[in-house]
Amino acid sequence: MDLVIRGARVVDGTGGPSYTADVGVHEGRIAEIGSLPGGRRTLDAHGLALAPGFVDMHAHSDLALLRDPDHSAKAAQGVTLEVLGQDGLSYAPADERTLGEVRAAIAGWNGPGDDIDFDWRTVGGYLDRLDRAHGGHGIAVNAAYLVPQGTVRAHALGWEDRPATAAELDRMRQLVVDGLAEGAVGMSSGLTYTPGMYASGSELTELCRVVAEYGGYYCPHHRSYGHGALAAYAEMVALAREAGCALHLAHATMNFGENEGRAPELLALLDAALAEGADITLDSYPYTPGCTTLAALLPSWANEGGPEAVLARLRDDAQAGRIRHALEVEGADGCHGVPVDWSTVEISGVADPALAGYVGRRLDGWETARRLLLDDRLAPTVLQHVGHEENVRAIMRHRVHTGGSDGILQGAKPHPRAYGTFPHYLGHYVRELGLLSLEECVAHLAGRPAARLRLPDRGLVCVGYRADLVLFDPGTVAAGSTYERPRVLPTGIPHVLIDGRFVLRDGRRTDVLAGRSVRRTARDLR
């Protein structure tokens with residue numbers, strides 16, 4: 001036995017009762033559970049809970065994993081697997097034109113990427129790049145990937161607001177097929193982001209039929225979390241059911257004043273669909289503010305043509321006036337159909353160091369927002385303080401809920417969810433509030449996500465499963481990150497293992513790079 005973890009409280013990820021046992025690890029897998037003799041190494045885990053490594057179902061570490069071998073933002077939380085390619089926009093599949101446009105469009109999520117060698121163009125090429133990162137040693141944590149529908153649309157027909165032709169739809173289908181065959185676990189959309197939002201329901205349904213054929217799942221950031229949020233959720237449920245596709249609702253919440261206290265209506269919608277046989281899961285982060293790019297709030301028509309076209313409209317006073325009216329009076333679709341309240345919009349990051357003085361400030365109006373968008377070339381990220389705690393609590397208790405940080409790691413003052421989501425669930429919502437039992441919460445953060453990803457040997461503490469494990473103190477585990485100090489690491493998580501190797505030991509990040517791409521082959525998906 002390579003390692004015996006002795007006397008841990010095993011919280012196995014099923015949601016069943018925890019129990020005390022020794023856990024033996026050999027050649028990267030859980031070999032035995034029970035009362036065990038010593039191994040080559042022994043770890044005293046008395047007083048600690050041992051759980052499957054946590055799965056971040058909504059991560060924006062697409063470039064961070066290539067850039068930062070340490071990646072303690074996630075490793076220190078006990079995250080052993082992240083799902084990338086979110087919100088319909090990422091870096092594969094792409095040709096030269098599309099890659100440049102996407103890099104500019106999501107610089108606020110991942111940085112401009114000037115420090116990255118973009119030597120891939122396909123989903124398989126990107127996953128290969130993860131595996132040979134950092135001198136061939138790999139990445140800090142494991143990573144799965146969703147084919148990003150917005151990038152696929154940009155690849156096939158550009159950033160135009162029009163229906164796809166039959167040939168263009170065939171091209172999109174093929175790109176999704178290729179991505180799934182090369183290892184992606186499903187497809188994402190960002191339906192308040194261009195160009196993904198330009199897709200009709202029928203176009204999305206056709207792409208979801210492909211995802212269903214390959215056994216993947218559809219993960220939409222749907223058309224509104226504000227005005228018409230319930231209708232937007234209902235559209236995704238109906239669309240996925242028509243396509244016969246599994247559905248996973250991204251960062252599921254109900255935001256803005258008109259949705260205060262309305263989470264039970266959303267849950268009733270989901271319960272009705274589940275009772276009729278729909279395959280639905282969702283993820284959420286345990287905080288009330290959202291986080292996105294400032295440019296994402298603009299109306300979709302202002303984004304048509306891509307980033308350079310947006311900047312040209314912002315420079316033109318007449319066009320800028322139209323954008324302002326859409327934002328402040330009409331309620332832009334990029335701002336979820338709700339007229340923007342600038343006092344809720346806080347700048348969390350900028351690309352240009354000369355603009356750093358804006359970080360942490362709430363916007364005082366359109367002219368400041370316009371100037372920032374132009375001076376920082378659409379790169380500013382924002383916190384949008386529009387959520388409701390009662391909605392957050394109701395949704396996280398649902399039986400199909402999973403955890404996802406939606407963690408944007410860029411910016412001087414990122415959302416604390418990037419560094420704190422998983423310990424915040426365990427410390428605040430389990431220990432302090434008792435909203436979930438420890439066993440329920442670990443099932444939400446590990447067992448259920450692995451089942452959604454259809455991973456046969458991850459997500460549970462079970463003999464034969466991969467030894468992706470986290471050990472934490474239920475009495476002290478807590479998020480260290482706050483809105484004022486968002487990059488503080490958590491407390492109460494001393495050990496994290498991936499494939500039986502310590503990536504966190506005694507609370508300190510080791511130099512181990514045990515993470516790899518987690519791929520579903522075409523055979524597995526079918």
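Below, all heavy atoms of this structure are taken into account, side chains as well, without hydrogens, waters or symmetry copies. This one's a predicted model, so the numbers in the text were calculated from it and none came from an experiment.
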Q: Are Cys441 and Leu426 side-chain neighbours, meaning at least one heavy-atom pair lies under 4.5 Å?
A: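 Result yes, sub-4.5 Å side-chain heavy-atom pair found.
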Q: Would you check if His385 and Thr288 make a side-chain contact, meaning some heavy-atom pair closer than 4.5 Å?
A: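 Sidechains of Thr288 and His385: no contact.
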Q: For Arg97, look at atom CZ and say whether over 12 heavy atoms of other residues, nucleotides or ligands are found less than 6.0 Å away.
A: yes
Q: Kindly write out the residues that satisfy salt bridge (charged side-chain N to carboxylate O under 4.0 Å, His left out) with Glu265, not counting sequence neighbours, or none if the list is empty.
A: Arg262
Q: Could you tell me the separation between the CG atom of Asn259 and the OG1 atom of Thr253, rounded to the nearest 0.5 Å?
A: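 If we round to the nearest 0.5 Å, Asn259:CG and Thr253:OG1 are 8.5 Å apart.
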Q: Please say which of Asp375, Asp317, Asp376 ends up in a salt bridge (charged side-chain N to carboxylate O under 4.0 Å, His left out) with Arg370.
A: Asp317
Q: Do you know which of Glu203, Glu168, Glu304 makes salt bridge (charged side-chain N to carboxylate O under 4.0 Å, His left out) with Arg162?
A: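 Answer after filtering Glu203, Glu168, Glu304: Glu168.
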Q: Kindly compute the distance separating CD (Glu308) from CG (Leu378), expressed to the nearest 0.5 Å.
A: 8.0 Å
Q: What I'd like to find out is whether the side chain of Ile139 reaches to under 4.5 Å of the side chain of His71, using heavy atoms alone.
A: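 Result no, sub-4.5 Å side-chain heavy-atom pair not found.
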Q: Are the side chains of Thr98 and Thr151 in contact, using a 4.5 Å heavy-atom criterion?
A: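 Thr151 vs Thr98: side chains touch.
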Q: In terms of side-chain geometry, is the basic nitrogen of Asp316 or Arg313 positioned less than 4.0 Å from the acidic oxygen of its partner?
A: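 Salt bridge absent between Asp316 and Arg313.
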Q: To the nearest 0.5 Å, tell me how far Leu294 CG sits from Leu372 CG.
A: 7.0 Å
Q: Can you spot which of His444, His58, Arg448 makes a side-chain contact (heavy atoms from CB on, under 4.5 Å) with Thr402?
A: Arg448
Q: Can you confirm whether Glu484 is buried at CD, in the sense that more than 12 heavy atoms of other residues, nucleotides or ligands lie under 6.0 Å from that atom?
A: no
Q: Name the residue from Val185, Leu180, Val123 that meets the side-chain contact (heavy atoms from CB on, under 4.5 Å) definition with Leu146.
A: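 When Val185, Leu180, Val123 are each tested with Leu146, the side-chain contact (heavy atoms from CB on, under 4.5 Å) holds only for Val185.
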Q: Could Arg487 and Tyr419 be counted as a cation-pi pair, given that NZ or CZ must be under 6.0 Å from the ring centre and within 45° of the axis?
A: no
Q: Using a 6.0 Å cut-off, check whether atom CZ of Arg399 has over 12 heavy atoms from anything other than its own residue.
A: yes
Q: Looking at Phe118, Trp109, Tyr126, which one forms a ring pair (Phe, Tyr, Trp, His ring centres under 6.0 Å) with Tyr91?
A: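 Checked Phe118, Trp109, Tyr126 against Tyr91; only one passes ring pair (Phe, Tyr, Trp, His ring centres under 6.0 Å): Phe118.
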Q: Quick check with a 6.0 Å cut-off and a 45 degree axis cone: is Arg452 positioned over the face of Tyr217's six-membered ring?
A: yes
Q: What's the verdict on salt bridge (charged side-chain N to carboxylate O under 4.0 Å, His left out) for Arg393 and Glu389, showing C-alpha distance, side-chain angles and the deciding distance?
A: CA-CA 6 Å; Arg393 294 187 186 187; Glu389 178 67 15; 2.8 Å; yes
Q: Just how far is it from atom CD of Glu390 to atom CE of Met254, taken to the nearest 0.5 Å?
A: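 Separation between the atoms: 11.0 Å.
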Q: Under the ring-ring contact (aromatic ring centres under 6.0 Å, His included) rule, what pairs show up with a residue in residues 311-336, not counting sequence neighbours?
A: Tyr225-His336, Phe256-His336
Q: After noting the C-alpha distance and the side-chain angles of Arg223 and Asp333, does the key distance pass the salt bridge (charged side-chain N to carboxylate O under 4.0 Å, His left out) rule?
A: CA-CA 8 Å; Arg223 298 192 192 274; Asp333 45 8; over 6 Å; no
Q: Report the residues that fulfil ring-ring contact (aromatic ring centres under 6.0 Å, His included) with Tyr425, sequence neighbours left out, ordered by chain and then residue number.
A: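 With sequence neighbours excluded, Tyr425 shows a ring-ring contact (aromatic ring centres under 6.0 Å, His included) to His401, given in chain and number order.
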Q: Would Arg371 and Trp366 count as a cation-pi pair here, with the cationic atom under 6.0 angstrom from the ring centre and within 45° of the axis?
A: no
